[in-house]
Amino acid sequence: QVQLVESGGGKVQPGGSLRLSCATSGFTFDWYNVGWFRQAPGKEREILSCISINDYSEHYVDSVKGRFTMSRDDTNKIVHLQLNNLGPEDTAVYYCAREHAISMLRECLSADYTYWGQGTQVTVSS
């Protein structure tokens with residue numbers, strides 16, 4: 001059974017940092033692309049980042065490029081998302097997700113993600 005469990009969310013002041021983790025189980029971790037997403041109140045869920053298992057290239061959307069850093073720990077089957085220089089616009093529930101099937105897509109931002117964790121809340125407020 002595919003499982004993804006996020007942790008590390010919380011409340012932080014503007015300009016602060018958080019490190020999110022996503023522990024995975026139930027599948028061969030280094031065969032699948034895993035991405036980070038978020039959903040802010042009243043908005044659609046958006047992809048933020050992924051690391052392609054094709055060549056381990058990192059991919060980020062423009063809104064978080066330079067502030068967020070994703071990493072993969074294949075030994076422990078965990079992905080992390082380091083969030084720096086947070087602003088109120090980053091307030092959202094953050095999710096990790098696994099692609100539906102093995103794609104080997106280098107452009108992992110375009111993968112079909114269908115397995116989701118429960119999410120972890122990030123609140124940026126003074």
Query raised in the report: Are the aromatic rings of Phe68 and Trp36 close, with centres under 6.0 Å apart?
Result: no
Query raised in the report: Are Phe37 and Tyr94 close enough that their ring centres sit under 6.0 Å apart?
Result: no
For [X] and [Y], work out which heavy atoms get closest and say how close.
| X | Y | result |
| --- | --- | --- |
| Lys43 | Gln39 | O-NE2, 3.1 Å |
| Gly35 | Met70 | CA-CE, 4.3 Å |
| Leu48 | Val64 | O-CG2, 3.7 Å |
| Ser63 | Arg67 | O-NH2, 3.1 Å |
| Ser126 | Pro14 | N-CD, 3.7 Å |

Query raised in the report: Do the non-hydrogen side-chain atoms of Arg106 and Ser57 ever get within less than 4.5 Å of each other?
Result: yes
Query raised in the report: Below 4.5 Å, heavy atoms only, C-beta onward: do Ile47 and Val61 meet side chain to side chain?
Result: yes
Requested in this report: Check the side chains of Ser21 and His80 for a donor-acceptor pair under 3.5 angstrom, ignoring hydrogens and angles.
Outcome: yes
Could you tell me the separation between the [atom1] atom of [X] and the [atom2] atom of [Y], rounded to the nearest 0.5 Å?
| X | Y | atom1 | atom2 | value |
| --- | --- | --- | --- | --- |
| Gln3 | Phe27 | CD | CZ | 10.5 Å |
| Glu99 | Cys50 | CD | SG | 9.5 Å |
| Lys11 | Thr91 | NZ | OG1 | 9.5 Å |
| Thr123 | Gln121 | OG1 | CD | 4.0 Å |

Query - Cation-pi, Tyr95 ring and Arg45 (6.0 angstrom, 45 degrees) - result: yes
Test item: [X] side-chain N/O and [Y] main-chain N/O as donor-acceptor pair under 3.5 Å:
| X | Y | answer |
| --- | --- | --- |
| Arg98 | His100 | yes |
| Ser52 | Cys108 | no |
| Asp90 | Gly87 | yes |
| Thr24 | Lys77 | yes |
| Ser17 | Asn84 | no |
| Asn33 | Ile53 | yes |
| Glu6 | Cys22 | no |

Do [X] and [Y] sit in the same hydrophobic cluster, where Ile, Leu, Val, Met, Phe, Trp and Tyr count as joined when their side-chain heavy atoms come under 4.5 Å apart?
| X | Y | value |
| --- | --- | --- |
| Val93 | Tyr113 | yes |
| Val79 | Ile102 | yes |
| Ile78 | Leu20 | no |
| Leu109 | Leu83 | yes |
| Val2 | Trp116 | yes |

Query raised in the report: Where do Tyr60 and Thr69 land on the side-chain contact (heavy atoms from CB on, under 4.5 Å) test, with the steps shown first?
Result: CA-CA 8 Å; Tyr60 302 91; Thr69 303; 3.8 Å; yes
Query raised in the report: In terms of heavy-atom contacts, does CD of Glu89 have more than 12 from other residues, nucleotides or ligands at under 6.0 Å?
Result: yes
Query raised in the report: Looking at Asp30 and Arg72, does any basic side-chain N land under 4.0 Å from a carboxylate oxygen?
Result: no
